[in-house]
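The chains referred to below are lettered A, B, ... by the order of the sequence lines, with proteins before strands, and numbering in each begins at 1.
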Amino acid sequence: MCPSGHCSPVPRCGKPASGGPAQRMRYDERPMVETSHPRVRFAPSPTGYLHLGSARTGLYNFIFARQHEGTFVLRIEDTDLSRSTDQAIVQILASMKEMGLQWDEGPGVPGPHGPYRQTERDSIYHEHVARLLETGHLYPCFCTAEELEAERTAAQADGRDSVYSGKCRALAAEEVQRRQTAGEPYTLRVRVPEGRTVFHDILRGDVAFENDTIGDFIVQRSDGTVTYNLAVVVDDVTMEITHVIRGDDHISNTPKQVVIYEALGAGVPEFLHMPLLFGTDRKKLSKRHGATKLEQLTAEGFLVDVVRNYLCFLSAEFDESMITWTLDDLVRSFDVTKLGTSPSIFDPEKLRWMNGRYVRAMTDEWLGGRLVEYLTRVGFYGDPVGVGELAAQGSQVLAAVVEDAESERLPPTVPDEEHEALTREIAPLVHEKVEVLADFIPMAGWFFRPLEFTPEALERLQATAGAAATLATAAAGLRDLPEWDVPAIETLVRELPPTLELKPKAVFAALRLGMSGQTVTPGLFESLWVLGRDQAVARLEQAAARLV
RNA sequence: GCCCCCAUCGUCUAGCGGCCUAGGACACCGGCCUUUCAAGCCGGCGGCACGGAUUCGAAUUCCGUUGGGGGCACCA
């Protein structure tokens with residue numbers, strides 16, 4: 001029944017799949033994962049940017065490889081010619097580099113198992129197909145797409161498995177010969193053996209499938225190209241992959257792949273199917289859930305390190321101390337084999353909170369640097385008013401516009417020395433308030449543009465008791481202040497309420513509105529100080545003028 | 001329809017037969033602090049999907065049901 005005589009696969013690592021019932025194993029009962037120099041791979045399809053879910057898969061592969069001193073292979077699965085683009089490859093590589101996921105073998109990093117693009121591996125696939133054909137594991141099938149379609153619907157109507165009937169399985173050699181020479185198109189199918197296929201999943205234990213629910217599947221199309229299931233297996237075998245870490249949407253493909261491994265007489269790797277990343281509606285995370293790519297998140301002012309840690313800990317126990325972990329920390333301490341198995345929902349709220357925590361854990365200087373980079377990227381310095389209006393609609397709106405601009409390759413604006421210095425001076429004032437970097441703009445954008453009042457703000461100012469007197473007195477006081485420092489400013493401002501016989505709240509409100517045109521700003525004394533004496537006085541006087 | 005995976009607060013999770021009156025985090029609500037907004041601290045709300053079985057004892061083991069997801073392609 002097995003012409004090749006290779007049907008007793010010896011798994012390269014881990015326990016051989018037992019024939020017993022699939023049973024969930026507890027962590028401490030799980031066999032230790034082979035830890036000596038595993039080879040793992042991340043195999044994205046370049047049909048677009050790097051999706052956050054894929055990024056997560058890449059991350060886990062990377063961590064696992066580094067943790068066990070293994071090799072991290074990057075392979076481009078671009079066999080779908082109609083959807084794959086070189087531009088997408090460039091984007092994906094860039095995102096991976098941004099996350100620090102450097103690969104050991106793959107595009108740009110030649111290795112002994114290349115090439116690393118499927119479109120360049122055609123001859124390798126066909127060699128293997130030829131071998132499988134010789135050993136009788138494959139047979140030609142002449143069924144047309146229409147026949148198959150009819151078969152499928154009939155099977156479904158009967159409540160049977162909708163798998164191939166095996167019609168061409170036992171075609172006589174002469175008939176095959178005759179139809180092939182007649183030029184009839186045919187595909188190549190795998191002769192799936194009787195019985196069941198069991199494979200081991202590090203997270204779930206053994207998973208079993210009855211082989212008759214798999215059906216003889218196509219491995220080579222009538223145009224001579226090879227299908228995904230064959231390509232992955234041949235790639236993984238020839239690249240000597242020992243651990244396949246991928247999304248659990250691949251679980252149902254796995255038995256087919258195992259059948260090919262076995263037909264090839266190759267060792268079956270260990271599998272780790274990780275839970276998928278879902279949106280808040282419990283569907284696979286997609287564009288309608290908002291940001292699904294790293295670049296859009298960073299355009300909103302999320303830090304790459306935070307996104308990376310968030311993605312990592314989504315299916316694991318959360319601990320505040322990991323918010324500021326580095327990639328090296330993850331490699332040192334994160335255990336991929338203890339991941340949960342239920343799908344994870346991407347929660348932007350928690351990511352935001354984490355980002356805020358991260359920012360607060362860093363120094364003022366660090367924040368200043370990130371802010372300058374960020375504001376430069378979003379074009380704030382070139383157009384503080386326009387970008388400010390965008391940001392007022394929410395950081396996501398801003399990020400979307402920035403992202404579009406970047407894909408059109410608009411040149412970013414460059415900060416001049418004055419803007420950069422001002423940003424760094426403001427950084428300490430907003431340090432406790434910023435969650436994502438974009439929050440800086442509604443909070444402190446007013447420092448960068450002339451005093452401006454919205455009708456509502458002006459109304460507020462007019463409604464504030466004693467505003468005119470407050471503004472005039474404060475302006476005069478600030479002008480004559482011997483020392484221009486925060487304590488002096490504070491002393492002066494605090495003396496105002498008693499002298500003017502006003503409530504402190506009213507005084508503070510008038511000054512805040514008067515200097516910024518806003519009701520929310522960083523600390524009043526610090527803000528006046530950063531503004532500088534001339535600006536501070538001028539603004540308060542301008543505001544006072546609006547009241548007469 | 002068939003096959004597979006999954007199932008603890010709204011969300012991410014802890015839980016390994018008695019330490020569970022189910023613990024933590026985000027979000028939400030309230031309080032404190034306070035010149036605004038935050039941050040911070042304190043408190044509150046809120047969950048084992050359902051039904052059987054095993055057991056002295058079940059969130060935990062087994063079976064079923066329900067629900068969600070994925071696959072069943074000459075897509076990857």
Those residues that, when tested against A:R75, pass salt bridge (charged side-chain N to carboxylate O under 4.0 Å, His left out) (two or more places apart):
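A:R75 satisfies salt bridge (charged side-chain N to carboxylate O under 4.0 Å, His left out) with A:E77, A:D235, A:D236 once adjacent residues are dropped.
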By salt bridge (charged side-chain N to carboxylate O under 4.0 Å, His left out), A:R360 pairs with (sequence neighbours left out) none
Nearest whole angstrom, please: distance from the [atom2] of [N] to the [atom1] of [X].
X	N	atom1	atom2	answer
A:E317	B:rU13	CD	C1'	7 Å
A:M322	B:rU13	CE	C1'	13 Å
A:F278	B:rA7	CZ	C1'	12 Å

Do the side chains of A:R460 and A:E456 get close enough for a salt bridge, i.e. N-O under 4.0 angstrom?
no
May I have the list of side-chain donor-acceptor pairs in residues 497-508 of chain A shorter than 3.5 Å, sequence neighbours left out?
from: A:T499; atom 1: OG1; to: A:E495; atom 2: O; distance (Å): 2.3
from: A:T499; atom 1: OG1; to: A:L496; atom 2: O; distance (Å): 3.2

Please measure how far the C1' atom in B:rC28 lies from the corresponding atom in B:rC6, and state the result in whole Å.
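About 28 Å, rounded to a whole number of Å.
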I'd like a table of atom pairs between the protein and nucleotides 42-45 of chain B - only N or O on both sides, under 3.5 Å - with the distance next to each one.
none

Pairing residues for A:D122 by the side-chain hydrogen bond (donor to acceptor under 3.5 Å, both in side chains) criterion, not counting sequence neighbours:
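Partners of A:D122 under the side-chain hydrogen bond (donor to acceptor under 3.5 Å, both in side chains) test: none.
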With sequence neighbours excluded, residues passing side-chain hydrogen bond (donor to acceptor under 3.5 Å, both in side chains) with A:Q257
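Scan of A:Q257 (side-chain hydrogen bond (donor to acceptor under 3.5 Å, both in side chains), adjacent residues dropped) gives A:R246.
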Taking a pair as Watson-Crick or G-U wobble with both distances under 3.5 Å, which nucleotide is matched to B:rG67?
B:rC6
In the structure shown, which nucleotide is the Watson-Crick or G-U wobble counterpart of B:rA25, with both distances under 3.5 Å?
B:rU11
Establish, with yes or no, whether the OP1 or OP2 oxygen of B:rA73 is under 4.0 angstrom from a side-chain nitrogen or oxygen of A:T187.
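The answer is no; no side-chain N or O of A:T187 sits under 4.0 Å from OP1 or OP2.
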Taking 4.0 Å as the cut-off, does a side-chain nitrogen or oxygen of A:T225 come that near to OP1 or OP2 on B:rC74?
no
Just checking, A:K433 and A:F440: is the charged tip under 6.0 Å from the six-membered ring centre and within 45° of the axis?
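No, cation not above the ring by the 6.0 Å, 45° rule.
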Where the side chain of [X] is concerned, which of [options] is the nearest nucleotide?
X	options	value
A:I251	B:rC6, B:rC4, B:rA76	B:rC4
A:F209	B:rA7, B:rG70, B:rC3	B:rC3
A:S252	B:rA39, B:rU13, B:rG70	B:rG70
A:I345	B:rU11, B:rC5, B:rA76	B:rU11
A:I218	B:rA76, B:rC74, B:rA38	B:rC74
A:V207	B:rC4, B:rC3, B:rA7	B:rC4

Classify the side chain of A:S222 and the base of B:rC74 as holding, or not holding, a donor-acceptor pair under 3.5 Å.
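Result: at least one qualifying N/O pair found.
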When you check every protein heavy atom under 4.0 Å of nucleotides 25-36 of chain B, what one-letter string (B, S, -) results, 5' to 3'?
BSS-------BB
Across all chains, not counting sequence neighbours, the side-chain contact (heavy atoms from CB on, under 4.5 Å) partners of A:A509 are A:T464
side-chain contact (heavy atoms from CB on, under 4.5 Å) partners of A:A457, counting only residues at least two apart:
A:F453, A:T454, A:L513
